[in-house]
Amino acid sequence: MADLQPLRVAIVGLGTVGSGVAKILLENSQHIARRSGREIDVVFAIVRDPTKPRGVTLPDGVLATSFELMESPEIDVVCELIGGTTTAGDVVRQALNAGKHVVTANKALLCEQGDELFQLAREKGKTICFEAAVAGGVPVIEGLSQSLAANQIQSIEAIVNGTSNFILTEMLDHQSSYEDAVARAQEKGYAEADPTMDVDGTDAAQKLTILAQLAFGTKASLNDFPRQGIDKLKLADLKYADELGYRVKLLAVAKRNGDFLELHTQPTLIHDNLPMAAIYDAYNMIEIEGDAVGKTWFSGMGAGQMPTASAVVSDLIDLAVGRAQQTFPLLDLWGQSEPLRILPAEKIERRYYLRFHAIDQPGTISSIATILGNHEISIASCIQHEFEIHPADSGEGKASIVPFVVITHTTTEGQMRAADEELIQCDAIEPDYLRLPIQD
Ligand code: NAP
Ligand code: HSE
């Protein structure tokens, strides 16, 4: 250990994750040096505003504002922890061009520009490590790309957005309003700078594209598969699901379906007896099924300062030890064989939860059933409670509105989409009709 030079790091972006990385590297330096066989030194922490409190005490001379410092011969690795895709992309390119390895937690960047950046890394003979980009502190990238490398992966089903899972837990278990739950997720440092990316399903879908490429070699972009967030759910939906024996989770799925890859990211009713249903708060779970190993489950904190920083530092330790080179070629390895093609969304087969706010008048249920029947969608069960809005509150002469929930038998996304077009035109139904898939 004494003979090896320290690994010298520039952290770019000292927000939630960057400050956590600096804290671990400074506070656990001796432990890390023992595990790495050499020291890992923070040489520069590059920020926009050097006067802003960072929650970490850095040695003199470390805090800096110039991106030029990334190119210094005193630096071996750049940790890009800014987020977003514009400046962050420039930082990664500048670092690689200057001959530095890169560690990033930025799934948005890898999803959008991964091909170009990994190509550049290969040309420069450098590594991009990204354990923190999927599921925060959970070591799923290493698990998938190294520990399960013997397997042909059959499926990945994953809760990979901590913010959404936290919001869904807060709403159902603590009766929080949606808005309060979003604000708490932001306070706790789980949410993206723009939390829209968390709640509209974008963040989970970006992570799914990374997992799908690692597992199946399929390069998907966000418009290639169904993506829906938790932002249209109401507390009542979580309660109806609970009544039916399900928990609603934002579920990202990539699975072999014949010669195709089925991909989607949607809030899904997960049966109570499945392990995924028990994942609460900002915890993530990734279920990976391999042909040899069977099902494996990776679970832990998927967001937040220290869990995410733990994953970033583990990448730095891999670089210090010299075993990190293995991670990036895997993304490209698949280029040599035929990757699975994405299954057209219309062909995805599942059961569905349909929630209507329907006008409480003769014939409403028969209109819904007729539309579903016309598209050969069979009803497995339904719930209708007493009126949600009392006639006295709905305005003179107006009928009351009742929630009406239908569970279908297995049908295709294509049949459901065709039925949706008629359902949203139906006068007996309010426009806030919601459809979610079911996982039994
Ligand atoms: P954050 O708290 O918003 O921190 C971002 C940092 O980058 C801030 O320090 C910000 O500076 C700095 N920054 C932004 N634009 C910059 C620019 N143009 N030049 C210099 N610095 C700039 O974000 P975060 O939560 O730490 O997330 C960082 C990355 O980790 C993102 O890619 C995110 O997706 C990923 N990630 C986050 C989590 C999590 O739980 N938070 C988990 C996994 C992955 P100021 O401080 O001056 O504003
Ligand atoms: N905003 C992300 C989440 C951070 O909530 O999961 C982890 O990538």
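By convention here, the first residue in the shown sequence is residue 1. One-based numbering, in listed order, for ligands and for the atoms of each. Values below: all heavy atoms of this structure, side chains included; hydrogens, waters and symmetry mates excluded.
- Within a 6.0 Å sphere centred on OH of Y433, other residues, nucleotides and ligands contribute more than 12 heavy atoms.
- Counting non-hydrogen atoms of neighbouring residues, nucleotides and ligands closer than 6.0 angstrom, the CG atom of N273 exceeds 12 such neighbours.
- By the 3.5 Å distance cut-off applied to N or O atoms, G302 is not counted among the residues near ligand 1.
- There is a side-chain donor-acceptor pair under 3.5 Å between Q439 and E157.
- With sequence neighbours excluded, the residues that form a side-chain contact (heavy atoms from CB on, under 4.5 Å) with F67 are V12, I46, M70, I82, T87, V91, Q94.
- Near G189, the atoms of ligand 1 lying under 4.0 angstrom from a non-hydrogen atom of the residue are 39 (C), 40 (O), 41 (N).
- Within the structure, ligand 1 has K107 among the residues with a heavy atom less than 4.0 angstrom away.
- For a threshold of 3.5 Å applied to N or O pairs, the pair formed by V17 and ligand 1 contains at least one separation below that value.
- In this structure, atom 2 (C) of ligand 2 lies nearest to the protein heavy atom E192 OE2, 3.2 Å.
- Within ligand 1, counting atoms from 1 as listed, the ones closer than 4.0 Å to a heavy atom of L14 are 9 (O).
- Atom 20 (C) of ligand 1 has its closest protein heavy atom at R48 CG, 3.3 Å.
- Shortest contact from atom 5 (O) of ligand 2 to any protein heavy atom: T163 OG1, 2.6 Å.
- An N or O contact shorter than 3.5 Å is missing between Q305 and ligand 1 by distance.
- Looking only at heavy atoms of the protein, atom 6 (O) of ligand 2 is closest to G162 N, 2.7 Å.
- Numbered from 1 in the order shown, with element, the atoms of ligand 1 that lie under 4.0 Å from a heavy atom of G304 read 39 (C), 40 (O).
- Below 3.5 Å of separation, one finds an N or O of G15 facing an N or O of ligand 1.
- Annotation for ligand 1: atoms under 4.0 Å from non-hydrogen atoms of A303 are 40 (O).
- A salt bridge is defined here as a Lys NZ or Arg NE, NH1 or NH2 lying under 4.0 Å from an Asp or Glu carboxylate O, and R417 with E413 meets this definition.
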